[in-house]
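These numbers come from a predicted model, not from an experiment.
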Amino acid sequence: MESSAECRRRVLDQPSNTQTRSLGAPLAASDPDSQPALVFAPKPGSPLRVKRQGLRGKLRVRLLVGTAGLVERVHIPGGENVEAFTESVRTPLGRWRFKPGTRPGTPVHWAAILPMAFEQEG
């Protein structure tokens with residue numbers, strides 16, 4: 001099993017729906033021969049107490065994804081109002097599912113870092 005330091009790092013935007021989407025930039029020679037694709041993505045919401053307080057949040061979230069396409073770890077290295085949004089992000093993102101990326105034909109571990117913003121609905 002690869003360590004998290006050996007995982008490929010990708011940037012992905014938070015999806016607006018649960019349809020399959022490709023992730024990352026075009027492949028380079030050292031990249032997987034097929035990129036991971038998002039296939040299931042429950043959307044995180046704001047906790048009721050956070051909505052009542054009118055808090056906004058901006059988080060950087062790091063996902064470690066295993067060879068089966070399951071999220072193995074959700075880490076929030078920083079952001080604005082992290083404490084208020086941590087649990088509302090960890091649970092749904094931990095349920096995200098991906099079609100694994102492969103290198104040469106074998107599924108690989110990889111990591112994604114994504115920005116998330118929580119705005120109050122008007």
Side-chain angles (χ1 to χ4, degrees):
M1 183 169 138
E2 295 177 346
S3 73
S4 60
E6 295 169 312
C7 293
R8 298 297 305 162
R9 297 185 198 289
R10 294 257 170 244
V11 175
L12 84 118
D13 294 325
Q14 181 181 351
S16 58
N17 59 41
T18 58
Q19 295 178 353
T20 302
R21 294 173 52 151
S22 294
L23 304 176
L27 294 173
S30 63
D31 286 340
D33 48 75
S34 76
Q35 290 185 343
L38 186 59
V39 295
F40 178 71
K43 189 174 180 178
S46 296
L48 185 56
R49 67 177 173 76
V50 170
K51 287 181 182 180
R52 286 182 181 151
Q53 294 173 349
L55 291 177
R56 296 178 191 189
K58 290 185 179 182
L59 310 177
R60 283 179 31 114
V61 181
R62 183 175 187 273
L63 301 178
L64 177 61
V65 181
T67 57
L70 304 177
V71 175
E72 295 179 351
R73 184 169 181 226
V74 177
H75 176 67
I76 303 171
E80 173 187 317
N81 291 321
V82 172
E83 301 81 21
F85 292 95
T86 296
E87 286 311 309
S88 64
V89 169
R90 272 203 179 122
T91 301
L93 268 61
R95 295 175 45 214
W96 281 17
R97 300 292 178 258
F98 296 85
K99 176 185 170 203
T102 59
R103 182 185 295 137
T106 303
V108 294
H109 281 85
W110 60 279
I113 298 173
L114 57 133
M116 300 192 80
F118 293 88
E119 299 291 331
Q120 293 302 315
E121 297 171 6

With a 4.5 Å cut-off on side-chain heavy atoms, are Arg90 and Val61 touching? no
Rounded to the nearest 0.5 Å, what separation is found between the CZ atom of Arg103 and the CD atom of Gln35? 11.5 Å
Do the side chain of Arg97 and the main chain of Arg95 share a donor and acceptor less than 3.5 angstrom apart? yes
Hey, does Pro115 have a side-chain heavy atom less than 4.5 Å from the side chain of Arg60? no
Pairwise distance OG(Ser88) to CG(Leu59) - rounded to 0.5 angstrom: 8.0 Å
Would you say Leu63 and Phe98 make side-chain contact, with heavy atoms under 4.5 Å? yes
What pairs of donor and acceptor atoms, side-chain ones from residues 76-87 against any protein atom, are under 3.5 angstrom apart with sequence neighbours left out?
{"residue": "Asn81", "atom": "ND2", "partner": "Arg56", "partner atom": "O", "Å": "2.5"}
{"residue": "Thr86", "atom": "OG1", "partner": "Val82", "partner atom": "O", "Å": "2.6"}

Value rounded to 0.5 Å, distance of CZ in Arg62 from CG in Leu114: 11.5 Å
Kindly say whether Pro42 contributes a backbone atom to a donor-acceptor pair with the side chain of Trp96 at under 3.5 angstrom? yes
For Gly66 versus Glu72, what's the shortest heavy-atom pair and its separation? CA-OE2, 3.2 Å
Tell me, do Val108 and Thr102 make a side-chain contact under 4.5 Å, heavy atoms counted? no
For residues Pro100 and Ala68, report the shortest heavy-atom separation together with the two atoms involved. CG-C, 3.8 Å
Just grab all the ring pair (Phe, Tyr, Trp, His ring centres under 6.0 Å) pairs involving residues 44-77, residues at least two apart or on different chains. none
Say you draw a straight line from CD of Glu119 to OG of Ser46; how long is it, rounded to the nearest 0.5 Å? 9.5 Å
